[in-house]
Amino acid sequence: MSDTITIKKPFDSHVHLRRGAMLRAVTPITAEKFCSAIVMPNTDPPIETCEQAAEYKKEILGALPRGVSFEPLMTLYLTKNLTPVDIEKGAAGDVCEIHAVKSYPYGATTNSQWGYRSILEAKDVLKKMEEVGMPLLLHGEVHVDENEHEVDAYEGEKRFIEDVLPRLLEQYPNLKISLEHLSTKIAAEFLEKNGKADKLVATVTPHHLLYAREDVESKPLLRCKPLIKSAADRDKVRELVAEGLPFISAGTDSAPHPESKKFASPAAFGVFNSPVAVELYTQVFDEMNALDKLEGFLSVNGPRFFGVEVSTETITLVKKDWQVTEPVTTDEGINIWPIGDVKHGLGNETVHWQIKQ
Ligand code: DOR
Ligand code: ZN
């Protein structure tokens, strides 16, 4: 197998850049490794109007190092304040072009307190999205069910795939949907069967490809939603990405938190992986003997779904060991620890691929 690979510059279909000092610390890292990214709207306060998205985009562009070109693609949070008028305005793009709307199930994860309990409640907004072709990005977990019972967090994605997604697909047959950070065998099988490049797609994180529940339950840096599942789930998701399907793309879900929140009890949900994500994806594809499928997954399928250009730049990766040993530190002195860090990891943190400078 080859020890070097050149691919079009990657596209991150799912990233959290936060605001303020955190944004200034993490944005240059994403911009160095990715040509463009779909930026999540779950800041505090949430991004729920085109005006807020425009202001947020300006802050991101302001954090780019001189000479770096990076296109942040903005999204709106599906809060109860979001209306069909916002969708029309976002699609028209006069104030700020909106590329997707993100749904968080109420209470399931970081800053999800503004979400609906069930996506099926958001009828008028979903109708309008279907009409104008605005993609819906789903945090596909049932957190509280229809009888107000809290669902076991390991079962939330399964419940969503079984109980909610089929109804959503039936009620909105033309809605463009992306199932985010797919983490279970059942979700992978659902996508294998029903995925379609311009209609029903999914993103996969590096951490859901690398780790299994048994290994990570005591590791705060790997605590995230959806939770990391069993080895069997992980292995099915690995198999799915290695198939090279046009509707599966890289969404890092890089979600930075200050060390005070990650090493608190309970640890905040979110894995910070942007310093090492492209390299880890490459490692997984190499392990799966599927490096020929890497470019589609990392650089082509995401932009195609969102109707934007694939990058004309390229990056080259070489097979060479290295380790992450330091946190990223904000200009206010706050540390953010990436996964792959040797101090807090599982003991097997050597990364086997590097981006050639
Ligand atoms: O682990 C997660 N962290 N999952 C999410 O859905 C949100 C994210 C965050 O914003 O920290
Ligand atoms: Zn996320």
Side-chain angles (χ1 to χ4, degrees), residues 12-20 22-23 25-27 30 34 37-48 56 60 72-79 99-117 119 135-144 151 153-154 156-157 160 178-184 187 201-211 213 216-217 219-229 249-264 266-274 277 302 328 334 336-339:
D12 190 347
S13 296
H14 183 139
V15 71
H16 299 264
L17 297 176
R18 313 302 193 203
R19 304 207 73 154
M22 185 79 90
L23 177 150
V26 303
T27 300
T30 287
F34 296 89
I38 299 287
V39 180
M40 291 300 119
N42 67 332
T43 49
D44 183 3
I47 307 300
E48 53 183 352
Y56 187 27
I60 295 166
L73 304 179
M74 307 313 290
T75 62
L76 296 178
Y77 192 135
L78 184 47
T79 68
H99 293 267
V101 169
K102 176 73 189 287
S103 159
Y104 289 93
Y106 175 84
T109 186
T110 305
N111 292 343
S112 61
Q113 61 271 38
W114 301 291
Y116 282 90
R117 290 215 165 187
I119 179 67
L136 172 67
L137 312 182
L138 286 171
H139 184 118
E141 292 193 285
V142 176
H143 180 60
V144 176
V151 174
Y154 282 102
E157 184 170 297
F160 188 85
S178 176
L179 191 66
E180 301 294 288
H181 38 55
L182 195 142
S183 70
T184 54
V201 303
T203 65
V204 180
T205 74
H207 39 287
H208 291 100
L209 288 169
L210 279 166
Y211 300 106
R213 172 179 181 175
V216 306
E217 264 169 334
K219 299 290 178 195
L221 292 188
L222 289 167
R223 186 171 144 86
C224 62
K225 286 305 276 308
L227 295 173
I228 289 174
K229 307 299 195 305
S249 77
T252 63
D253 202 6
S254 185
H257 289 275
E259 68 181 352
S260 59
K261 291 211 168 138
K262 281 310 279 179
F263 297 124
F269 290 120
V271 165
F272 175 50
N273 62 28
S274 59
V328 170
I334 304 293
I336 317 160
W337 289 93
I339 54 157

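As the structure lists them, so they are numbered: ligands from 1, and atoms in each ligand from 1.
Atoms of the protein (N, O or S only) found under 2.8 Å from the Zn ion (ligand 2) are H14 NE2, H16 NE2, D253 OD1.
Aromatic ring orientation, H181 versus H139: perpendicular (interplanar angle above 60°, classes split at 30° and 60°).
Across all their heavy atoms, L222 and I339 have their closest contact at CD2-CG2, 3.3 Å. Of all the heavy atoms in S249 and G302, the pair that sits closest is CB-N, 3.7 Å.
A centroid separation of less than 6.0 Å is found between the aromatic rings of Y104 and Y77.
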### Task
Might you work through the side chain to side chain donor-acceptor pair (under 3.5 Å) test for S183 and K229, ending with a clear yes or no?
CA-CA 7 Å; S183 70; K229 307 299 195 305; 2.8 Å; yes
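Put simply, the residue from H208, R213, H207 that forms a side chain to side chain contact (heavy atoms under 4.5 Å, CB included) with Y211 is H207.
For a heavy-atom separation below 4.0 Å, the residues in contact with ligand 1 are H16, R18, N42, Y104, T109, T110, H139, C224, K225, A255, H257, F269, G270.
Partners of A100 under the side-chain contact (heavy atoms from CB on, under 4.5 Å) rule, at least two apart in sequence or in another chain, are T75, P135, L137, F306. Take E180 and apply the salt bridge (charged side-chain N to carboxylate O under 4.0 Å, His left out) test, not counting sequence neighbours, and it matches no residue.
With contacts defined as side-chain heavy-atom distances shorter than 4.5 Å, the pair F160/L179 qualifies.
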